[in-house]
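Written below as structure tokens is the structure these notes are about.
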Amino acid sequence: MNKEKTVVIGVCGGIAVYKALDVISRLKKKNVNVHVIMTKSATEFVSPLSFQSLSQNMVITDMFAEPKAWEIQHVSLAKKADLMAIIPATANIVGKVANGIADDMLSTTIMATKAPVVFAPAMNTNMYTNSIVQENISKLKGLGYEFIAPESGRLACGDVGDGKLADTESIAEFILSKLNSKKDLNGKKVLVTAGPTISKIDPVRYITNGSSGKMGYAVAEEARDRGAEVTLISGPTNLKPPTGIEFISIQSNSEMYDEVLKRFGNSDIIVKSAAVADYKIKSYSEEKIKKGSGDLILEFTRDNDILKSLGKMKKNQILVGFAAESHNLIENAKGKIKNKNLDYIVANDITDNDAGFAKDTNKVTIIKKDETLIPLEVMDKKKVAGSLFDIVIKDLK
Ligand code: CTP
């Protein structure tokens, strides 16, 4: 992050208060200036001193504690903030803000700020699903406030359900992504596919490939960070769906095909990083295949080439394909640009040690429709995604 950014964290009373400390620690590591406002009940759970030590700033706990200073403080922090994040956000603060109530330091600062405000709710599951709380959340979302949805799990009260604070890594990542100043994909709709597809053989067996999904998830996150409205359609992976995007989970080639086609007409940029299977099992066995004494021969039949179909339908969309090759990288990739009517292809040699399926880094050459080659150094997959969008956006201009 270039210029130092300021985030005001509002901490409300709930058992998840201590988790806000971890978010702050993660932000500080990225050189973010953090100020903390705690509600009175938050201070019952964790001492302000912990927040002060981590944020390295005075913690504001109660507007009435410093009658001379609060007016200045709530306005000055509201102005200073590049972003406000409420962690954990209780039903109380959500209700107050949704209904225009400003009766303490935190609610007045939220009301006074022009910075984006993000809520990370955590509460008992019955409270969270209560229609009053849900209505307040919908109202705030409609007004442009953002929410990092809680997870489902075992809550401190023993109940199981929605209401567990989203994990702190995702919260910090979401905040950092919002602070990213390059918003050059604002207003664009970006559709990304990732991961493998699977073809079922029988009720217990299937055939798939080794795609980890890392490249596609990095593309989706980069597009989101640059302001795009992102949909990620993903085959089964071990990755967490990134926050702040529409996430669609699919299994087979035809499910991916249907979901992609539904959104294609409405998308500006489509990045197809998924490793889509070209073949599916010819006849799925409804019953589990029993072993016999001889060999088992499975027959496959061709499945949809999703990208090729998109190439045929393409109007103003920008179409980006990936080519994972083990030989004749550039020639094969160029062939795919023509064959699938693409604007760009990201070609990588899967035999290279720094590139390929489960790696965190990639070494690619981006090839344009006019066959210009842009070879990139080895870099992590998020940076590869960044370079890809830099090139696409430059060409758009
Ligand atoms: N792709 C697709 N549908 C398929 C196969 C591939 O949409 N059935 C897309 C991939 O998402 C990728 C690009 O096409 O963006 C190239 O994929 P790749 O597997 O490298 O190429 P194929 O066209 O399958 O060619 P081959 O397997 O012969 O190399």
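Positions are given from 1 along the sequence. Counting starts at 1 for both ligands and their atoms, in listed order.
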Picking from Ile86, Val94, Ile137, Val97, what satisfies side chain to side chain contact (heavy atoms under 4.5 Å, CB included) with Tyr145? Val97

Any chance the side chains of Asp202 and Ser285 put a donor and an acceptor closer than 3.5 Å? no

For Lys308, which part has a heavy atom under 4.0 Å from ligand 1: side chain, backbone, both, or neither? neither

Heavy atom of protein inside 4.0 Å of atom 14 (O) of ligand 1, strictly below: yes

Run the numbers for me: atoms of ligand 1, each under 4.0 Å from some heavy atom of Gly321, listed by number. 15 (O)

The protein heavy atom nearest to atom 17 (O) of ligand 1 is Phe322 O, 3.6 Å

Heavy-atom distances under 4.0 Å decide this one: backbone, side chain, both or neither, for Asn304 against ligand 1? backbone

Whether over 12 other heavy atoms sit under 6.0 Å from Glu377 CD: no

Counting heavy atoms only, name the option from Lys272, Lys340, Lys336 that's nearest to atom 18 (P) of ligand 1. Lys336

Just need the protein heavy atom nearest to atom 27 (O) of ligand 1, so name the residue and atom and give the distance. Asp278 OD2, 3.3 Å

Suppose I only count heavy atoms of Ala277 and a 4.0 Å limit; which atoms of ligand 1 are within that range? 8 (N)

Out of Leu319, Ile306, Val260, who gets a non-hydrogen atom closest to atom 3 (N) of ligand 1? Ile306

Nearest heavy-atom pair of Asn57 and Gln52: which atoms, and what distance? O-CG, 3.4 Å

Should Lys139 and Glu135 be marked as a salt bridge (charged side-chain N to carboxylate O under 4.0 Å, His left out) after you check the CA-CA gap, both sets of side-chain angles, and the distance that decides it? CA-CA 6 Å; Lys139 181 175 175 190; Glu135 256 180 45; over 6 Å; no

Can you list the ligand 1 atoms lying under 4.0 Å from a non-hydrogen atom of Ala323? 20 (O)

Side-chain heavy-atom pair Ile269, Leu185 within 4.5 angstrom cut-off: yes

For ligand 1, find out whether one of its N or O atoms is nearer than 3.5 Å to an N or O atom of Leu307. yes

Top protein contact for atom 11 (O) of ligand 1, by heavy-atom distance: Ala274 O, 2.7 Å

List the steps, then state whether side chain to side chain contact (heavy atoms under 4.5 Å, CB included) holds for Cys12 with Leu106. CA-CA 9 Å; Cys12 303; Leu106 180 57; 3.7 Å; yes

Under the salt bridge (charged side-chain N to carboxylate O under 4.0 Å, His left out) rule, what do Lys240 and Glu151 come out as? Steps first, then yes or no, please. CA-CA 12 Å; Lys240 241 176 194 271; Glu151 292 176 359; 3.2 Å; yes

For Ala324, atoms of ligand 1 separated by under 4.0 Å from a heavy atom: 20 (O)

